[in-house]
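Report on one structure; see the data block that follows.
Just the heavy atoms: all of them, side chains too, but no hydrogens, waters or symmetry mates, feed the values below. By convention in this document, chain letters (A, B, ...) are assigned in the order of the sequence lines, proteins followed by strands, and residues within each chain are numbered from 1.
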Protein chains: 2
Amino acid sequence: MGYQIELRHFTYFLAVAEELHFRKAADRLFISQPGLSRQIKQMEEIIGVTLFIRNKRKVSLTVAGEYLKKELDYIFNHIDFTIKQTRLIDKGSDGEIRIGFLGSAMQTIIPELLIKVNEQYSNVQFSLEEMSNHLQVEGIEKDQLDLGFVRLARVPKGIQMKTVHVDTFSLVLPKNHYLEEKNFKNIAQVSDQHFILFSSDYSSLYYDKIMSICEDKGFTPKVSHKSVHAQTIFKLVESGLGVAIVPTSLQYGFDLGVKFLEIPKISQKATLSVIWKQDNRNPVLEKIWRFL
Amino acid sequence: MGYQIELRHFTYFLAVAEELHFRKAADRLFISQPGLSRQIKQMEEIIGVTLFIRNKRKVSLTVAGEYLKKELDYIFNHIDFTIKQTRLIDKGSDGEIRIGFLGSAMQTIIPELLIKVNEQYSNVQFSLEEMSNHLQVEGIEKDQLDLGFVRLARVPKGIQMKTVHVDTFSLVLPKNHYLEEKNFKNIAQVSDQHFILFSSDYSSLYYDKIMSICEDKGFTPKVSHKSVHAQTIFKLVESGLGVAIVPTSLQYGFDLGVKFLEIPKISQKATLSVIWKQDNRNPVLEKIWRFL
DNA sequence: CTATTTGATAACCCATAGTTATTAATCAAT
DNA sequence: ATTGATTAATAACTATGGGTTATCAAATAG
């Protein structure tokens, strides 16, 4: 039977591979179970490989099926993005670029980038999403993201990294706090305060750096609260629940009842880096590359 | 009409995009022209993009179509390879790895690699093809090759390179030539001879190095013949048509009427490098990586 | 031992890929 | 202009095969 493999087969295969249950997969696909069974069987015949082990009571993937699932996930992602890009290009757009970023990057580097790119390529569309370091790395690896703005010491193989901004750290205090620029000499002056920090799973490098800043001055901070949003942290500081240490550039763009005091004489820097995949196939990336 | 895009559409689209002629494309696909026309039209409707400009006398791709063609070429290549790998895994094989190499790599590094990998993973299949530096780089870029063994100073972005073997150069002479190991001091002793070299388009770095070896000794070689095959070069030397300079390791594995004299006191080295793409998706590559 | 769950089989139906026949437009050559 | 050749689109038809319902057979649970 000289059948031909089609995307339909792949779609059905993935549904069964995920559900590991023919009827549930069929429901999800809005087709009948026998129809699904036949298509899967046909697919196995076409490529000549048993993909599922049916134990009459349990369905599981073979090793080959496992491999195929992983690749087909990637292939579908690529096809979807390609069609999306094709539509954008057709509409006269220069395409879309998908950017992930830490909140702090929104204060400095990202707005600059958007403005510069927009001047040159007014038809490039941006898809911006705030997300953690970890999720950005994952997004880049899975080709679901073109650029990421992270604070990381190193990234997995296959991902490129380049520093785009080096920032100092600032102490964040309630507006009515007794410390001022003139009488602020040393971070140890707040060693007895409670600290509010970014969660370590949002950015573990950040977390470690804050710890080392304090340790260098001879104390371990009492961490009372953690959050993933700068705004939340500021609100907590404003409410008198503690103090915080954050990258200095975060003081712009918010209108809150806190004050920033740049921490003098410390070696730690808040480095922001872009990450990307070397052989990203999004043509937009080449265009905007020189703006980084 | 809630149609669904299928690989069939992609196949047909690529045929028309290549032929730029509906009837010819239809012939190639062994279907009728109206059938093809309708499928293309349907595809355009599904993704909502005009892919071809039909001037009633000439068919051409739109910008969006051009982009789509490039990506679909890549996607089909990926799908084909994935299915091939799936079949191999199913057969108990650990998959296939596609290696390109310069002839000279077959003397040293490649046989070693094959033996070592085979000990550990007896089910990994090798696809070996001798090809020029240039074609290897192209193969790597298009994901049609997993590893390349080249002699290059640098490679395009997105491709990784690592030196695996550093070799000296040897002078190749007919067996009855008056120069012997004892009376061979300097390459200038053959400055009046004709030279037979590898073609510069087979390996331009090699070509440049040979030239610089001679220039360092104060002469420009008279190049009388060029070839892409070591065997041919040796045959020409044997026939008395000239002398050659090649990487020393080439002396093993051939049984020819020529003799090798290692060239003393020169700075030039014949460096052989592996090249690969960082995010190659062939799982076999990871496995054999440590053997390099 | 019965009830239930689940995938495979069998037989049928109809949507649609592909067919043939024809038309309409464009161009080249007289 | 007229004719002829090329080429894609349209129209009408055909039949393959994807999807359906009904049913079975094996495997577990209670």
Side-chain angles (χ1 to χ4, degrees), chain A residues 1-62 64-66 68-69 72 76 90, chain B residues 1-62 64-66 68-69 72 76 90:
Chain A
M1 355 26 211
Y3 289 75
Q4 178 65 38
I5 206 95
E6 289 294 348
L7 288 181
R8 178 185 60 254
H9 294 112
F10 294 160
T11 310
Y12 291 0
F13 166 75
L14 284 183
V16 178
E18 273 163 35
E19 302 283 349
L20 291 176
H21 197 289
F22 277 77
R23 197 185 42 72
K24 282 181 193 163
D27 286 353
R28 199 171 101 179
L29 295 163
F30 301 108
I31 61 169
S32 66
Q33 172 265 313
L36 177 60
S37 281
R38 245 206 352 190
Q39 287 295 307
I40 295 289
K41 195 178 171 190
Q42 195 186 58
M43 175 174 176
E44 290 181 319
E45 268 164 19
I46 294 171
I47 70 173
V49 172
T50 307
L51 299 169
F52 295 102
I53 300 162
R54 289 92 149 164
N55 266 344
K56 205 69 184 181
R57 196 75 191 172
K58 218 175 76 192
V59 175
S60 57
L61 278 163
T62 61
E66 206 84 60
L68 189 60
K69 174 180 186 300
L72 287 182
F76 268 114
D90 179 63
Chain B
M1 337 64 186
Y3 287 77
Q4 178 63 38
I5 205 95
E6 288 294 350
L7 288 181
R8 178 185 60 254
H9 295 112
F10 294 161
T11 310
Y12 292 0
F13 167 76
L14 283 183
V16 178
E18 272 162 35
E19 301 283 349
L20 292 176
H21 195 291
F22 276 77
R23 197 184 42 71
K24 283 181 193 163
D27 286 353
R28 200 171 98 179
L29 294 164
F30 301 109
I31 60 168
S32 66
Q33 172 264 314
L36 177 59
S37 282
R38 244 201 0 180
Q39 287 296 307
I40 294 290
K41 195 179 172 191
Q42 195 186 60
M43 175 173 174
E44 290 181 319
E45 270 165 19
I46 294 172
I47 70 173
V49 172
T50 306
L51 299 168
F52 294 103
I53 300 162
R54 288 90 148 167
N55 266 344
K56 203 70 183 177
R57 196 76 192 169
K58 217 174 76 192
V59 175
S60 57
L61 279 163
T62 61
E66 205 85 59
L68 189 60
K69 173 181 186 302
L72 287 182
F76 267 115
D90 179 62

*Check whether any side-chain heavy atom of A:I46 lies under 4.5 Å from a side-chain heavy atom of A:Q4, and answer yes or no.*
no
*Atom CD of B:E6 to atom P of C:dT16: distance rounded to whole Å?*
12 Å
*Taking DNA chain C as the partner, which of residues 16-27 of chain A come within under 4.0 angstrom of it by heavy atom?*
A:H21, A:F22, A:R23
*Could you tell me which non-hydrogen atom of A:G48 sits nearest to which non-hydrogen atom of B:D90, and how far apart they are?*
O-OD2, 3.9 Å
_Rounded at 0.5 Å granularity, tell me how far CG in A:L7 sits from CG in B:L7._
3.5 Å
*Taking only N and O in the side chain of B:S37, is any of them less than 4.0 Å away from OP1 or OP2 of D:dA8?*
no
*Send over the distance from A:Q4 CD to D:dG18 C1', rounded to a whole Å.*
16 Å
*Dot-bracket summary - DNA chain C, pairs being Watson-Crick or G-U whose distances fall under 3.5 Å, with | when paired to another strand*: ||||||||||||||||||||||||||||||
*Report the distance from atom CD1 of A:I53 to atom P of C:dT6, rounded to the nearest whole Å.*
19 Å
*May I ask you to decide if B:L51's main-chain N or O and B:E44's side chain share a donor-acceptor pair within less than 3.5 Å?*
yes
*To the nearest angstrom, how far is B:K58 atom NZ from D:dA9 atom C1'?*
19 Å
*To the nearest 0.5 angstrom, please state how far the CD atom of B:E6 sits from the CD1 atom of A:I5.*
10.5 Å
_Note, A:S37 side chain near A:Q33 side chain (heavy atom, < 4.5 Å)_ = yes
*Write down the distance between CZ (A:R54) and P (D:dC24), rounded to a whole number of angstrom.*
22 Å
*Between B:F52 (CZ) and D:dT7 (P), how many Å, whole number?*
16 Å
*Any idea how A:F52 and A:F22 line up, ring-wise: parallel (<30°), tilted (30 to 60°), or perpendicular (>60°)?*
perpendicular
*Gap between atoms CD and P, on B:E44 and D:dA8 respectively (whole Å)*: 13 Å
_Plane angle bin for B:F10 and B:F76 - parallel if under 30°, tilted between 30 and 60°, otherwise perpendicular_ = perpendicular
*Does B:K41 have a side-chain nitrogen or oxygen under 4.0 Å from the phosphate oxygens OP1 or OP2 of D:dA8?*
no
*Measure across B:L36 and B:A25 and return the closest heavy-atom pair with its distance rounded to 0.1 Å.*
CD2-CB, 3.7 Å
*Sugar-phosphate means primed atoms, P, OP1 and OP2; the rest is base. With that split, encode nucleotides 17-23 of chain C 5' to 3' as B, S or - using protein heavy atoms under 4.0 Å.*
BBBBB--
*If you take all heavy atoms of B:L20 and B:S60, which pair is closest and at what distance?*
CD2-CA, 4.0 Å
_Donor-acceptor contact below 3.5 Å, side chain B:Q39 vs main chain B:H9_ = no
